[in-house]
Protein chains: 2
Amino acid sequence: MSVDDLLRNHGLKKTTTRKQVLDIYLNTDHALAVADVEEALGDGVDRVTLYRTMGTFEEKGLLHKVYDDDGKLKFSLCSSDCSSHQHHDNHLHFHCRKCGKTTCIENVAVPEVEGLEGFDIQDVYMVANGTCKDCIQAA
Amino acid sequence: MSVDDLLRNHGLKKTTTRKQVLDIYLNTDHALAVADVEEALGDGVDRVTLYRTMGTFEEKGLLHKVYDDDGKLKFSLCSSDCSSHQHHDNHLHFHCRKCGKTTCIENVAVPEVEGLEGFDIQDVYMVANGTCKDCIQAA
DNA sequence: TCCTTAATGAAACATTGTTGCATTTAACTT
DNA sequence: AAGTTAAATGCAACAATGTTTCATTAAGGA
């Protein structure tokens, strides 16, 4: 789907910044922090705008939050069935301690949690840490 | 085990601050951030010292890191089989969105990750978000 | 008790994220 | 195509979290 369509489908105004940010995510296979996007855009866009843009994208279901090993917040593109206030990012995330990249493993689902009586579980977040394919092969 | 024993067993000097911090963790059932410990100690101890103390405790296997829903770093007491550079906190963590407390669910193990070919998984981190027992009963 | 090393306190700095307000721009109206 | 309005942006200031350096203090062994 095109950047323009994505924005329209999520009820968002088509601004220059939003198109640029979305384009970056569409062309990246791993999660990006605000600072990463800022760097990719090479100045020109205010930090605050990026925080707001990415916050809006998250609210509207375009991006979902990903936390790596060190609690660093990154964002990753949502699959198409995410919408406002209803994320479906029930997949595993992998954080590579070598290259630092955090990747969505869409084809590995987060398992159901068993044996937690008396709690109301709304969602479960799961990250595996280790060495990714690319870094293993490069070694 | 007593505070003094715990410190000695992990090769740490018995200082006033360390004893106080450890005591707080032994008497709390949920994870605490540096700011929480600072508040519990009611001034008197420098923030920097707490960062260092808790960092040391983590290194030596007395505390393990816990990240809640919002990426906020907290620490939780390790079970007795943790040691330097070899944590065994392979249990589920629960973060309550009502009261904000993050708790270790020691009796629910993190399930094995299946189907990740080509990756080297060192450890897996898992947090369930929702409403905890106490908050459900209080409602 | 003395001595050495580790732990602490204080100040300064770095990074990350937020808030208020003035300005600009997208998208709708006419 | 120009005008209008609400949303998006830029800027400045602030807040929270964490780190680094260095002088001082305290712990634990000799």
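Quick note on labels: first sequence line is chain A, next is B, and so on, each numbered from 1. Worth knowing before you read on, the calculation uses all heavy atoms, side chains too, and leaves out hydrogens, waters and symmetry mates. Just so you know, these numbers come straight off a predicted model, no measurement behind them.
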Between [options], which nucleotide has the shortest distance from any of its atoms to the side chain of [X]?
X: B:Val48; options: D:dT9, C:dT18, D:dT20; result: D:dT20
X: B:Ala35; options: C:dA7, C:dA27, D:dT17; result: D:dT17
X: A:Asp46; options: C:dG9, D:dC11, C:dT18; result: D:dC11
X: B:Lys13; options: D:dA7, C:dT5, C:dA10; result: C:dT5
X: B:Tyr51; options: D:dT17, C:dG9, C:dT16; result: D:dT17

Quick one: does [X]'s side chain have a donor or acceptor within less than 3.5 Å of a partner on [Y]'s backbone?
X: B:Tyr25; Y: B:Leu32; answer: yes
X: A:Asp46; Y: A:Val48; answer: yes
X: B:Thr28; Y: B:Ile24; answer: yes

Rounded to whole angstroms, how far apart are [atom1] on [X] and [atom2] on [N]?
X: A:Glu38; N: C:dA14; atom1: CD; atom2: P; answer: 16 Å
X: B:Leu12; N: C:dT5; atom1: CG; atom2: P; answer: 19 Å
X: B:Met54; N: D:dG18; atom1: CE; atom2: P; answer: 9 Å
X: B:Phe75; N: D:dT17; atom1: CZ; atom2: C1'; answer: 12 Å
X: A:Phe57; N: D:dT9; atom1: CZ; atom2: C1'; answer: 14 Å
X: B:Leu50; N: D:dA16; atom1: CG; atom2: P; answer: 17 Å
X: B:Asp70; N: C:dT16; atom1: CG; atom2: C1'; answer: 14 Å
X: B:Asp36; N: D:dG18; atom1: CG; atom2: P; answer: 11 Å

Check your understanding: Can a donor-acceptor pair be found between the side chains of A:His93 and A:His95 at a distance below 3.5 Å?
Key -> no
Check your understanding: Are any non-hydrogen side-chain atoms of B:Val110 and B:His91 less than 4.5 angstrom apart?
Key -> no
Check your understanding: Would you say B:Ile121 and A:Thr131 make side-chain contact, with heavy atoms under 4.5 Å?
Key -> no
Exercise for review: Indicate, with a heavy-atom threshold strictly under 4.0 Å, whether A:Thr56 touches base, sugar-phosphate, or nothing.
Suggested key: nothing
Exercise for review: Answer with base, sugar-phosphate or nothing: what part of the nucleic acid does B:Arg18 contact at a heavy-atom distance below 4.0 Å?
Suggested key: sugar-phosphate
Side-chain N or O of [X] versus OP1/OP2 of [N]: is the shortest distance under 4.0 Å?
X: B:Thr15; N: D:dA27; answer: no
X: A:Lys14; N: C:dA27; answer: no
X: A:Thr49; N: D:dG10; answer: yes

Check your understanding: For the side chain of A:Arg52 and the base of D:dG10, is some donor closer than 3.5 Å to an acceptor across the two?
Key -> yes
Practice item. Look at the side chain of A:Arg47 and the base of D:dG10, then say whether one donor and one acceptor between them are separated by less than 3.5 Å. Key: no
Review point. Mapping B:Leu73 and A:Thr16 onto DNA chain D by nearest heavy atom, which one lands closer to the 5' end?
Key: A:Thr16
